[in-house]
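These notes are about the structure you will find just below.
Here is the naming used below: chain letters follow the sequence lines, and residue numbers restart at 1 for every chain. Treat the numbers as computed from the prediction; the structure is a model and nothing was measured.
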Amino acid sequence: MSPPTEPGEIDALIAQVARLPGLGPRSARRLVLHLVRRRAQVLDPLARALARVAEAARECSLCGNISTSEICPICTDPRRASGEICVVEEVSDLWAMERGGAFCGRYHVLGGTLSALDAIGPEDLRIPALVNRVRDEGISEVILALNATVDGQTTAHYIAEMLEPCGVRVSALAQGVPMGGELDYLDDGTIGAALRARKTL
Amino acid sequence: MEWRDQGVLLSMRRHGESAAIIEVLTETRGRHAGVVRGGGGRRMAPVLQPGAQLDLVWRARLEDHLGSFAVEPLRLRAAEAMADRLALLGLGSVCALLQFALPERAPQPVLYPASCALLDRLGQEGWLRRYLAWELQLLEATGYGLDLSRCAVTGTAEGLAYVSPRTGRAVSLSGAGPWADRLLPLPPGLDGQGGMDRDGLLAGLRVTGHFLATWLAPALGDRPLPEARARFLRAVERS
């Protein structure tokens with residue numbers, strides 16, 4: 001039988017959990033208590049999963065996605081070699097795109113956006129790697145799926161400029177009314193963008 | 001402490017999980033920071049973009065506290081500028097320079113309306129010329145205004161062709177003499193009179209850039225000029 005856990009170790013675990021996004025000390029305490037009480041069903045499998053991920057998780061050397069191998073499954077899948085690359089800011093954006101299943105090409109994760117405020121320049125992002133991929137992989141279209149923020153769109157324009165000599169088609173996601181959106185609840189900017197991007201029926 | 005005013009959002013950075021710290025420019029309070037509760041959330045994301053015109057209520061227990069803002073959007077300029085690369089870079093440059101150059105909480109009775117007028121016209125006919133005039137106003141408002149009214153050597157108001165990089169005063173062709181190659185070219189129209197072509201505009205931006213970098217930046221602790229301005233200048237050169 002293993003020795004009883006010291007309260008100090010429980011406290012240390014609570015402190016670690018409280019640092020996770022969306023959690024504070026109280027919710028961390030509740031969560032840790034839940035784990036400890038359901039050791040076999042929850043705590044042990046979770047600990048094993050965490051150890052496996054800690055051991056294996058890494059950035060895909062091609063696209064920057066998180067995976068457990070050197071090259072992620074999306075980059076190794078031959079069915080996704082459609083000649084299209086979708087550029088996203090963060091891995092969470094890639095996962096959001098994959099959730100919808102609407103895109104069946106490959107991705108490129110920049111790791112952020114150009115930001116004057118945070119002094120993030122092109123050399124801090126994976127933009128040179130994107131230009132190399134476009135040249136080496138025979139890409140026909142680059143889809144810029146960057147956030148509709150000033151920094152996101154500044155980055156999009158910068159990338160379009162960098163890719164100009166490659167002669168590749170560069171497109172960006174449309175902006176407008178979201179699914180189920182009601183005009184009354186939309187901000188003025190979105191309504192304006194939707195109106196400018198209107199299409200003939 | 002409480003006040004209400006309108007202002008232009010200069011920057012926003014997330015604070016904790018759901019709040020944001022914003023910096024705004026107002027006419028009577030100048031560049032002013034404060035916390036927006038819930039400002040880091042999805043609902044406020046379209047509102048808290050640089051360049052947005054906001055209705056602001058600031059509250060704090062003491063005047064020198066950071067305080068918190070309650071904000072209502074009045075005009076979201078970023079959304080209008082996003083489709084136009086040059087306008088978007090111009091917006092970034094204006095906001096970055098204002099944040100870089102202005103002291104905190106000093107009223108800006110001239111620069112605030114000038115900045116609003118420029119931001120309202122981004123991407124419209126003749127806006128680049130307005131941008132150049134705005135940079136001259138920025139230098140003026142920070143105490144580094146140029147004197148382009150008459151020649152520093154001869155006193156004449158005619159034939160002004162250069163700007164002294166040391167004094168910021170205009171120099172006429174005849175007054176420049178053998179020092180002409182050490183002076184900055186003064187493009188026609190920089191003094192606000194007459195028209196200005198693209199080359200003149202670029203020359204004008206180089207003149208203002210010189211004084212922003214050699215006069216203003218050293219006075220602010222020798223920080224480099226915001227990269228946003230360099231990016232904007234490169235885009236103007238390529239346009």
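- In this structure, B:Glu2 places its CD atom where more than 12 heavy-atom neighbours from other residues, nucleotides or ligands lie under 6.0 Å away.
- Side chains of B:Arg85 and A:Gln153 form no contact here, defined as non-hydrogen atoms less than 4.5 Å apart.
- Contacts between A:Leu195 and chain B at a heavy-atom distance below 4.5 Å are absent for every atom of the residue.
- Highest contact tally toward chain A, considering only B:Pro50, B:Ala52, B:Ala228, B:Ala78, is held by B:Pro50 [criterion: heavy-atom pairs under 4.5 Å].
- Between B:Val47 and A:Asp187 there is no side-chain heavy-atom pair separated by less than 4.5 Å.
- By the 6.0 Å contact criterion, CD on A:Glu123 is enclosed, its count of non-hydrogen atoms from other residues, nucleotides or ligands being greater than 12.
- Taking A:Asp151, A:Thr154, A:Thr149, A:Leu114 one by one and counting their heavy-atom pairs under 4.5 Å with chain B, the maximum is reached by A:Thr149.
- Counting non-hydrogen atoms of neighbouring residues, nucleotides and ligands closer than 6.0 angstrom, the CD atom of A:Gln41 exceeds 12 such neighbours.
- B:Arg37 CZ: 12 or fewer foreign heavy atoms inside a 6.0 Å radius.
- Contact annotation for B:Arg75: neither backbone nor side-chain heavy atoms come within less than 4.5 Å of a heavy atom of chain A.
- When B:Pro46, B:Pro226, B:Ala45 are compared by the number of non-hydrogen pairs under 4.5 Å with chain A, B:Pro46 comes out ahead.
- Between B:Glu80 and A:Arg196, the shortest heavy-atom distance links the atoms CA-NH2, 4.0 Å.
- Applying the 6.0 Å contact sphere to CD of B:Glu63 captures no more than 12 heavy atoms from other residues, nucleotides or ligands.
- Put simply, CD on B:Glu227 and OG on A:Ser115 are 11.0 Å apart, with the number rounded to the nearest 0.5 Å.
- Taking all atoms of both residues into account, the shortest heavy-atom contact from A:Ile120 to B:Arg231 is O-NH2, 4.0 Å.
- Remark: side-chain polar atoms of A:His157 are not paired, donor with acceptor, to backbone N or O of B:Leu86 under 3.5 angstrom.
- Judged purely by atom type and a 3.5 angstrom limit, B:Glu17 uses its side chain to pair as donor or acceptor with the backbone of A:Gly22.
- If you measure heavy-atom distances from B:Leu10 to chain A, you find no contacts under 4.5 Å at all.
- Proximity to chain B (any heavy atom under 4.5 Å) is shown, for A:Ile191, by neither the backbone nor the side chain.
- The two residues B:Ala79 and A:Gly189 have their closest heavy-atom pair at CB-CA, 3.3 Å.
- When every heavy atom of B:Gln49 is checked against every heavy atom of A:Val150, the shortest pair comes out as OE1-N, 2.9 Å.
- A salt bridge does not link B:Arg234 to A:Glu161: none of the charged nitrogens lies less than 4.0 Å from a carboxylate oxygen.
- By the 6.0 Å contact criterion, CD on B:Glu104 is enclosed, its count of non-hydrogen atoms from other residues, nucleotides or ligands being greater than 12.
- When the shell of 6.0 Å around CZ of B:Arg223 is examined, it contains more than 12 heavy atoms from other residues, nucleotides or ligands.
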